[in-house]
Amino acid sequence: MAGRAFAVGFVPLKVAVIALLFLLPTYWPLVLLLLPMALVALWLPRRAERRRRSQLGARTHAVIGSPRWPLLRASCDALALLLVLVALLQPVGVGEQGDGGADVVLCVDVSWSMAARDELPSRLQRVQEEMGELATGLTDTRLALVAFAGTAELVVPLTVDAAAVVTMANELLPGAHGTGGTDPGAAIDLARQWLARSERLRVIVVLSDGEDFVGNGMAAAARTKTAGIVVHAVGCGDPGGSKIVVDGDGGEQFLRDGSGNDIVSRLEVANLQALSHAGGGRFTRSTPNSLRRLYDEHVVPAARAAAVHSGRLAPRHLAPWVLFTALCLWMLRWCVPERSR
Amino acid sequence: MIGFELGWQVAEPAWGWLLLPVLLVMAWRWRRLPRAPFAAAGLLTTVTAANELPLPRTLRTRLWALPACLSMLAMLAVVVAMMRPTAHRPAPALPPGRDLLLCLDTSSSMAALDLEPDRSRLDVGRAVAADFVRARPFDRIGFVAFARYNDLRCPLTSDHEALVVLLDKLTMVQKEGPEDATAIGAAVATAAAALRRSTAKSKVVVVVTDGEENVASALAPDEIAPLHAAQLCAEFGIRVHTIAVGRGNQKPDGRFVALDTTALQQLAAGTGGRFFVATDRRALAQVYAAIDALEANALQPPGVVVQEWFPLALALALLLWLGARSLSASCLSRLP
């Protein structure tokens, strides 16, 4: 009777303070098989009823009475049966306690373009602030940190010490990590590798301006989705673009390309949208608390569902209430007279 | 929840009160149940009784009440399912695990080759630490690298493979550079701050160094001395084990001068830990084995695996119901 993760993971029907989901035990295909059998069982009495009426001809109403009673009995039967089948799928309510304990790898873009100041104080510092907002109040969720530019590197492995992750993220500097360029695909592949052994809900969040010089991001996100890991993206910057301010000799100056022209970096919304779509996740623009909102709205409910499936979180079983309704319908059916007097 | 801690239990016994109204409806229904397979049979019985010719008792007349009985049993099974019978089996006991931070000295003196030929103290220390980490799968382990300054390079993690990867990236500071010093007290304080956030019952710091504290002194009152770090750890309930590696400070002429390990001994003693000396790789491995034994994991009482059995009761109810409906619609149908 062990629970099996539903392909979608959960059904997030939010009702008041609980989210309804189905545990879908291993036998759930059998429940679907029962459905046609049950329909046959409902159809047989209807067929018998029709036969009786055809045999009795003009005296039908006098002997059996109105056809509404058999119809009411059949309706009660059908509804009760449907509810029993629903109960067999084990509906549960997941309360709002705890964060479900997801494993989240934050892939932070540390390429030079993250020094642009279209987000204040800079794109990277905005990302660091977002991470600080995320880290507040985490209980069971483990965070890891991957920094990437042209290559990707694991900075912090999965840990419950979110404060340490934020401290180490705050030490990241634009252009100080790996080779030049921007390859989110490498970061996603590396994050997937470190999430491979995790048995919790696995999530990758790419925090970037969306530049992808290698063009590997979407393919990596699709591979990651196939592995059961969701890829979200948070876009930082302005689609209008901004020059990149770097420290140089004699103070700050704009970063230039080989021809001596100032480089203008833009937030590539389309890239990040495509990446998150390929990874089965969401894309959001960086605004105050946007990472936290993404986490609260899309990671926590899924993490709670995963925790219920794995037995780490005790759910509230709703099957008894579903069965109670079915029982009432059955008793009502019994109270309906066999024929009108 | 009623019943024993292990074995069969009923998770929601309150639903059992529903048996009363269900039984009442059943009794009422039973009284109203037709006594013959077709409506006019009662009349025929009366007539035949008067003529002393009893109606023949067929299988169908004997089983006239079977569909109703099956329906009633199905309802009872549904009530049983609502009470959620569960089986509680003992789960394998898991060690509780500890939170353990290694403080690894990365000063240039760790380049000495006295622990193992052709391998520096740092290389040997990393390799033995990696073995130690791999042998404690249930612990959360991290490490602090320190010389003049210290860094929490890896916070507490259960991902020991990642920890070993980060350990491999550990390098020594530049010889006689601005960072080439040994600040043991500050490193232990950083570890204590990281462990303070931990909720584990057992928190341990293992300091691996080949030097003496040479940052905190009477002339530098702002620096954290090992003794102060020991007080901090004692306050947070953290045990500190200290390991002095190597044969001592190596002089330019190649001679080794014995270390003054007083501060390391006091640091360990002040927090309930132990002080060790390792002069070669084998000894270092033995020290880690001794710490492993000192910090042995006590098994927790076995947990409980709860198995829901209400689907079985529900499946039974469904079968009974399907049987009742099928019989009443086919061979045991009633006319009219």
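Throughout, a chain's letter reflects where its sequence line sits, starting with A, and its residues are numbered from 1.
- Chain A forms more heavy-atom pairs under 4.5 Å with one residue of B:Leu163, B:Leu18, B:Asp159 than with any other, namely B:Asp159.
- Annotation for A:Met168 and B:Pro155: closest pair SD-CD, 4.0 Å, computed over non-hydrogen atoms.
- Proximity to chain B involves both the backbone and the side chain of A:Met331, based on heavy atoms less than 4.5 angstrom apart.
- Contacts of B:Arg140 with chain A are made by side-chain atoms alone, with heavy-atom separations under 4.5 Å and no backbone atom involved.
- For a residue to count as touching a neighbouring chain, one of its non-hydrogen atoms must lie under 4.5 Å from one of that chain's; by this rule B:Ser71 touches chain A with backbone and side chain alike.
- The distance from atom CD of B:Glu161 to atom CG of A:Leu154, rounded to the nearest 0.5 Å, is 12.0 Å.
- Counting heavy atoms from C-beta outward, A:Leu85 and B:Leu318 have side chains that approach closer than 4.5 Å.
- The contact between B:Met26 and chain A is made by backbone and side chain atoms together, counting heavy-atom distances below 4.5 Å.
- For the options B:Val25, B:Leu166, B:Leu156, heavy-atom pairs under 4.5 Å to chain A are most numerous at B:Leu156.
- Contacts of A:Val160 with chain B are made by both backbone and side-chain atoms, with heavy-atom separations under 4.5 Å.
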- [ ] In sequence, state the C-alpha distance, the side-chain angles, and the governing distance for A:His317 and B:Glu12, and then conclude on side-chain hydrogen bond (donor to acceptor under 3.5 Å, both in side chains).
- [x] CA-CA 10 Å; A:His317 279 267; B:Glu12 298 186 36; over 6 Å; no
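- When all heavy atoms are compared, the tightest approach of A:Ala87 to B:Leu314 is CB-CD2, 3.7 Å.
- Ranked by heavy-atom pairs under 4.5 Å with chain B, the first of A:Leu327, A:Leu30, A:Val84 is A:Leu327.
- The part of A:Ala319 that comes within reach of chain B is its side chain, from C-beta onward, which places non-hydrogen atoms under 4.5 angstrom from that chain.
- Here A:Leu323 contributes atom CG and B:Trp15 contributes atom CH2; the two are 9.0 Å apart, rounded to the nearest 0.5 Å.
- In this structure, A:Arg197 places its CZ atom where more than 12 heavy-atom neighbours from other residues, nucleotides or ligands lie under 6.0 Å away.
- Heavy-atom distances place the side chain of B:Val165, and not its backbone, under 4.5 Å from chain A.
- Ring geometry, A:Trp330 versus B:Trp321: the interplanar angle falls from 30° to 60°, so the pair is classed tilted.
- Closest approach of A:Asp161 and B:Ala194 over heavy atoms only: OD2-O, 4.1 Å.
- No side-chain donor-acceptor contact under 3.5 Å links B:Thr157 to the backbone of A:Thr159.
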